[in-house]
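Here the structure is laid out as structure tokens; the discussion comes afterwards.
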Amino acid sequence: MDNSEVAKRLFEMAEMLEFKGENVFKIKAYQKAARNIEELEEDINILRQRDELGTISGVGEAIEAKIKEMLDTGTFKAFEEIRHTIPQDIEEIIAVQGIGPKTAHLLYSKLGVKDLQGLLKAAEEHRIRRIPGMGVKTEEHILIAAKRQLAEGNIGRFPLGVALPIAEEISKKLLDGILIREVRIAGSIRRWKDTVGDIDLIARSDEPEKAIEVFTVMDNMQEVLEKGNTKGSIIYKGNIQVDLRIVKDDAFGSLLQHFTGSKEHNVKLRQIALSKGFHLSEYGLKNATTAEQIPFSTEHEQYERLGLQFIPPELREDWGEIEAAMEKKIPRLIEVSDIKGDLHVHSNWSDGHNSIEEMALAAKALGYQYINISDHSASSKIANGLSEKRLLDHIKEIERLNECIEGIRILSGTECDILPDGTLDYSDELLEQLDIVVVAVHGSVEQDSKTMTQRIVSALENEHVHILAHPTGRKFGKRLPFAMNMEKIMDTALEYGKVLEINSSPQRLDLNDKFAMMARERGIKLAINTDTHSLEQFGNIRYGIGTARRAWIASNDVINTLHLKDICKLLGIS
DNA sequence: GACGTAGG
DNA sequence: GCGGCGTT
DNA sequence: AACGCCGCATCCTACGTC
């Protein structure tokens with residue numbers, strides 16, 4: 001077992017103890033030990049060999065013995081014993097809105113509820129309201145929440161590309177009335193996380209209660225979860241939860257910061273505040289001795305008061321940004337306006353909707369200096385991929401257009417399939433005639449890790465290749481990432497000077513934040529492209545930029561921030 | 001007012 | 001359950 | 001050195017129910 005597996009077991013143990021209603025501090029002790037093991041630099045097996053398990057903070061006599069047992073046998077007795085006393089599907093019950101470990105345990109011990117179906121039945125038969133402590137309202141809520149949980153297509157998290165447009169739509173509607181002056185999207189959407197659990201909004205209003213009221217009766221509202229003085233919570237069309245929070249204007253910055261999170265970032269900020277003698281909350285700082293409240297109308301002021309440089313929302317994950325901000329070492333992150341061209345664009349020659357000319361003019365209108373028309377290659381039959389002959393015509397057409405369109409350079413490219421054996425879909429002679437060669441895996445996506453890795457490595461070794469598009473192939477709700485060894489692929493990309501793509505399509509966002517960070521740390525250059533198939537999809541660039549910012553990426557890590565002249569020089573384009 | 005749940 | 005503290 | 005005692009709580013807040 002490695003560190004994370006040991007930590008996971010300890011976390012599970014804590015959860016089970018919580019369900020059992022064990023001593024809170026005991027639960028916390030397990031969680032603390034697990035957290036510290038997770039963050040450990042060294043391999044726990046090596047610590048064990050040196051008999052230094054006890055030096056891990058939070059690991060005492062009892063947990064040390066359990067870790068040893070785990071390292072030897074893969075589990076420990078106390079874990080197995082307690083597991084048999086707890087129903088298997090308890091997690092799906094705790095996942096129901098409004099039910100936590102205490103209620104789950106109560107329902108189990110009094111009614112024998114051990115899975116979602118049982119919960120539904122208990123609610124329908126009105127058995128829940130008879131338990132002391134539970135009432136009619138609680139039962140009604142459980143019934144609705146359990147049904148929602150069981151509903152078809154309930155996936156829990158939503159791709160950012162689904163949630164953000166809904167958040168924008170709701171924000172606009174809320175601003176229609178006169179009660180609400182300003183709405184801001186907060187939470188994980190504001191941090192540009194690739195999937196989000198809910199939509200978090202904050203607003204400014206002189207009459208918070210009325211504003212919340214308006215929110216809870218808005219169009220497409222399906223269910224009201226909460227309606228208070230400063231906060232409302234609804235289920236919106238599409239089964240997505242939306243929370244709205246309102247505070248007075250003077251604390252708007254504090255609220256925005258709080259509701260943007262992440263939770264881990266907030267906890268750390270609050271610890272810093274404590275060390276300076278303050279309590280931090282969504283209302284601002286409170287002097288620990290005098291209880292004086294200090295609200296902040298902007299996030300900038302609040303960070304500054306804590307002795308920190310301003311931290312962009314995308315970095316607020318407790319991935320080292322707070323330490324960097326203390327030393328004033330937050331980098332200047334890439335922005336949409338840094339992008340000078342799009343290197344992955346489709347036209348109606350393959351599966352795009354618009355002509356090359358239309359795409360070029362749209363890009364020019366965005367202020368781009370160049371686009372790479374990268375239509376599919378012959379093997380992508382469904383995508384109307386270009387035969388060798390059609391590719392030659394494609395090249396000629398681009399030549400012709402470049403002569404008559406001013407103000408933007410159309411690069412002649414391809415999105416060439418990497419065939420299952422690692423060879424490319426076009427001959428080297430043909431690839432040589434192109435300005436930019438983008439390669440990607442499309443078919444045979446089920447290959448095992450070794451084969452897939454070698455397939456991509458072979459492609460990257462080809463001297464004509466410039467960019468690997470959507471490297472992991474994932475598509476939200478449709479396809480998991482390929483089985484592949486990303487380390488090896490990155491090693492190869494670095495060795496051969498190849499560029500990895502951050503594909504901005506909101507169903508892909510591939511590379512994701514973590515892999516993009518890994519690439520940046522290794523010094524691999526990136527390209528942030530839209531993979532657009534229509535004029536509107538150029539707008540997806542914001543998703544790719546958001547992902548890049550989460551990876552701490554700066555303008556100079558990305559090749560399509562270069563001016564036309566410089567990118568031509570870099571890629572050897574005449 | 002206590003408790004449980006949920007939110008970042 | 002951990003770990004710092006005072007006590008023996 | 002061994003033992004028992006006791007505070008701890010990754011932070012701070014809102015809402016609904018009983």
Side-chain angles (χ1 to χ4, degrees), chain A residues 10 13-14 17-18 21-36 38-39 54-67 78 94-107 128-129 131-142 145 186-191 193 196-202 208-209 212 216 224-233 241-247 251 254-275 278-286 288 313 316-318 322:
Chain A
L10 294 176
M13 183 70 181
L17 292 172
E18 194 175 17
E22 264 280 1
N23 182 322
V24 185
F25 302 115
K26 191 173 181 173
I27 297 165
K28 300 279 177 194
Y30 274 98
Q31 289 171 338
K32 185 181 177 192
R35 253 198 327 275
N36 289 334
E38 215 170 32
E39 286 169 12
T55 65
I56 303 168
S57 164
V59 174
E61 212 176 331
I63 293 184
E64 174 172 352
K66 291 179 174 97
I67 295 172
I94 293 179
V96 172
Q97 177 87 241
I99 298 186
K102 296 275 160 51
T103 310
H105 188 245
L106 196 64
L107 293 170
I128 293 177
R129 62 179 68 176
I131 303 172
M134 305 268 110
V136 177
K137 286 194 165 186
T138 306
E139 186 182 82
E140 282 169 357
H141 277 129
I142 288 177
S188 46
I189 298 182
R190 183 160 181 250
R191 303 200 310 277
K193 217 166 136 53
V196 304
D198 65 357
I199 294 173
D200 299 305
L201 302 174
I202 68 168
E209 287 177 60
I212 297 285
T216 57
V224 178
L225 297 175
E226 272 179 357
K227 188 168 85 173
N229 296 328
T230 68
K231 180 185 166 188
S233 192
Q241 181 175 335
V242 186
D243 298 336
L244 175 68
R245 190 78 195 271
I246 301 179
V247 292
S254 298
L255 176 63
L256 179 60
Q257 191 284 311
H258 161 73
F259 223 28
T260 297
S262 64
K263 182 180 178 222
E264 291 73 19
H265 179 88
N266 286 354
V267 168
K268 195 158 259 185
L269 274 194
R270 284 162 188 215
Q271 285 170 342
I272 290 174
L274 275 180
S275 75
F278 294 96
H279 297 282
L280 175 62
S281 76
E282 58 265 51
Y283 298 105
L285 290 171
K286 186 168 80 178
R316 302 181 193 170
E317 298 289 343
D318 192 21
I322 291 177

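In the text below, chain A, chain B and the rest are named by the order of the sequence lines, each starting its count at 1. What you see is a predicted model; the values in this text were computed from it and never measured.
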What is the distance, to the nearest angstrom, from the CD1 atom on A:I272 to the P atom on D:dT10? 17 Å
Which residue in the set A:K227, A:Q241, A:E226, A:Q97 passes side chain to side chain donor-acceptor pair (under 3.5 Å) when paired with A:S233? A:Q241
Euclidean distance, atom CG of residue A:L10 to atom P of C:dG1 [Å, nearest integer]: 12 Å
Determine yes or no for a side-chain-to-main-chain donor-acceptor pair under 3.5 angstrom, with A:T138 supplying the side chain and A:M134 the backbone. no
Check this for me, if you would: do A:E282 and A:R245 make a salt bridge, where the nitrogen-to-carboxylate-oxygen distance has to be below 4.0 angstrom? yes
In Å, rounded to the nearest 0.5 Å, how long is the span from NZ of A:K28 to CG of A:N23? 11.5 Å
Of A:H258, A:H265, A:H279, which is the lone residue that meets side chain to side chain donor-acceptor pair (under 3.5 Å) with A:R270? A:H258
Taken to the nearest whole Å, NZ/A:K28 to C1'/C:dG1 is 14 Å
Can you check the A:H279 NE2 to D:dC12 P distance for me, whole Å? 6 Å
Quickly work out the A:I202 CD1 to D:dT13 P distance and round it to whole Å. 17 Å
In whole Å, I'd like the distance from the CD1 atom of A:I27 to the P atom of D:dT10. 11 Å
Would you tabulate the nitrogen or oxygen pairs shorter than 3.5 Å linking the protein to nucleotides 4-6 of chain D?
none

Extract from the structure each pairing of a protein N or O with an N or O of nucleotides 4-8 of chain C at less than 3.5 Å, listing the distance.
none

Can you measure A:I212 atom CD1 to D:dG16 atom P for me and round it to whole angstrom units? 10 Å
So which atom in A:A145 and which in A:V96 form the shortest heavy-atom distance, rounded to 0.1 Å? CB-CG1, 3.6 Å
Measure the distance from CG on A:L280 to P on D:dC11 and round it to the nearest whole Å. 12 Å
For each nucleotide in nucleotides 3-8 of chain B, reading 5' to 3', give B when a protein heavy atom comes within less than 4.0 Å of its base, S when such contact involves only the sugar-phosphate, and - otherwise. -SSSBB
Using atom C1' in both nucleotides, what's the gap between C:dG1 and D:dC12 to the nearest angstrom? 25 Å
